[in-house]
Structure formats: structure tokens, C-alpha cells
Trainee: 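Once you've had a glance at the structure underneath, I'll fire off some questions.
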Amino acid sequence: MSTQQINDYFFGNDEALHTLAALLCGGRIVHGILLTGEKGVGKQTFARLMAAAFLCKEAERPCMKCQSCKKVLEGNHPDVLTVIGEGAKSFHIDTVREIRRKASIMPNEGDCKIFILANCESMTAQAQNALLKLLEEPPEHTMLILTANERGALLDTVCSRTAEIRLQPLSAEDCAQRLKEAYPDKTTDECLTAARICGGNLGKAKAMLADESGMKAVNIAHAVIKSASENQYAVLLAARDLNDDKKLLLEVLHRLELLCRDILADKIGSKTSLSGEDISQNAWTKSHTMQVIASCQQAEQMLLQNVSQPLVVSWLCTKIYS
Ligand SMILES: [Zn+2]
């Protein structure tokens, strides 16, 4: 496999790439593959890479450059059909029947016909049973690549007919590096923060960086806690954008609570992080941290009861500083 171009397209998960290389060496078509891993780790990207590899005409597969590879990666190869389940129970038996019908037709250009069935956790039980028939007696030229967050979301009988490849999130540093390449206008710190918060999940981190208010909430919560070691004015200054944006304030309250819970966990020696941020330098006492958590919850209640927002913000700042 030509490493650099593949890395540009799909980064990390070396073990999955090795499995793909081994499958290609085997020479035979593998009829059922199940890609698992949390939402955002790149299952659909890897599925397209696999399809390109199996349809590539070159010796080094996937070459990422031949007509076949290009068509697969751009989503217009006639022998690759992608169906994406959107929402609970949205993947119906009729769709699977249509797939079975198409699977019986010979490939157009390649040696095999590849069906990428994404988000299979949204398949109904009837749809899965219909799919099972195809997995049990697949036409010789057919390959099915299923994706699901968890293996447990599918019937055991379906799983047992597929080879599972599990995809993992990246390290925070690798994830941050990819983010910086994708978003050169973001700072290195912002990329690293998003990568840490999302546990190295590139898809989630990209969505977070693209969401201005999400990143803003992260930065404000961070600044508020940091400024509490200075003076009350510094806390008010860090929170100055919260006076008239209710959605932002609610997000900041949520972030503050996660950070506080991490501070408490750190004090009892736990390394479990809810916020994904490094809070080990925090000097708050346990009782003050608990008071801030309670204040965040109370502030949320005050907002629901339509207490004036600037009043809620200044009250919260007093609690955080005191
Ligand atoms: Zn190729």
C-alpha cells in the first residue's frame, strides 16, 4: 500500500490498515466486514479506503491515484453502493431487499461489487435478518462492509458472519496535528484543547472546532476558573460575554461543572477526566469546588426561572471567586 497518500486520507489506526493489507494479500473476496468504533472515528472513511483497495487495478493497493481509486474516493464508482442509516430504526427491510437485488447483478467495471452499509445500528431486526440471508449465501463477486458504533448493536448471527475491524480514536497529539492541517486559522492550543476534550476522536473534534459557540464555551469556562486565582474583577472580565447569550451561558455552566468534577477527581488521585482538560495545577479546595458545582446548578435553575441573566452571571462570579 502507498503509505503517504493513505495517511493523508486516513490517519492512524495502523492495526486496521495491517488487517486490510492482510485481507488484500489473501487474494479472495471477503464477503462480510464489520467496522466498529464510536461515532466520529472514521468508519465511513475507512470503508471507502477498503473499497478503493479491493477495486484498485494497480499492484500497490490502494494506489489512491488510478481512475478506479479516484472514483471510489469521490463517491462515484458504479460498483460501490453506499447506504447510510439516519436515526433509530431508519434502515428498513425494503432497503436490504433492494441491496440483495443489486447484489445479484454482475459488477460493472471492477472485480467485485461493494456495498457500504453505514450506521447499521439503525437497522430494524427484520432488515438484519434479511441481510443475514445475503451474508450466508453471498454472490461470489459481492462484498458487504457494515459500520456500527458497537458490535452489540447487531444480531449475533450477523456479527458471526462478518470479520470485525475495530477503529480507535487517535492520540490527542495526533488528533491536534490533523486538526491544525484541516483548520490552519485555529491556534495550536485550540486544536489541542478540542482534541483532548473529544478524546482524540477526529470527527467529533472537527465538529467542535467548526462550532464557534462550542469552542467559545470551552475557552470561557477555562478562563473563568483560571481567573479565580486573581481577583473578582478578573472573573467578571472572563465572563463578560455571558450576559446576553443564554445558550452560551448554559454551555459554559455545563463545562464548568465538568471541570469541577475533574478537580474533585484529581484531589482523590483519580485520573478519570470528564472534561478532557488538564486541571492538575488547580489550587481550589474540595469544599470550594463543590460549592461551585452547586452554584452552577443553581444558576441554571435561576435561568429557567427567568432571573435576569446579567444578575445570574455576576452572582455566579461572586460564588466562583469567594
Ligand atoms: Zn488505484
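In each ligand, atom 1 is the first atom listed, and ligand 1 is the first ligand listed. All residue numbers refer to positions in the sequence shown, counting from 1.
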Trainee: If every non-hydrogen atom of I29 is compared with every non-hydrogen atom of D111, which pair is closest and at what distance?
Mentor: CD1-O, 4.2 Å
Trainee: Closer than 4.0 angstrom, basic N to acidic O: yes or no for E212 and K216?
Mentor: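 No salt bridge links E212 with K216.
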Trainee: Any luck finding a side-chain donor-acceptor pair between Q309 and D244 under 3.5 Å?
Mentor: no
Trainee: Test: side-chain hydrogen bond (donor to acceptor under 3.5 Å, both in side chains). Region: residues 130-147. Which pairs qualify, not counting sequence neighbours?
Mentor: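 Qualifying pairs: none.
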Trainee: If the threshold is 4.0 Å, N to carboxylate O, is there a salt bridge linking R166 and E15?
Mentor: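 Salt bridge: no.
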Trainee: Could you check whether R255 pairs with E251 (Lys NZ or Arg NE/NH1/NH2 to Asp/Glu carboxylate O, under 4.0 Å)?
Mentor: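 Looking at R255 and E251, the cut-off is not met.
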Trainee: Distances under 2.8 Å only: what protein N/O/S atoms are near the Zn ion (ligand 1), ordered by chain and residue?
Mentor: C56 SG, C63 SG, C66 SG, C69 SG
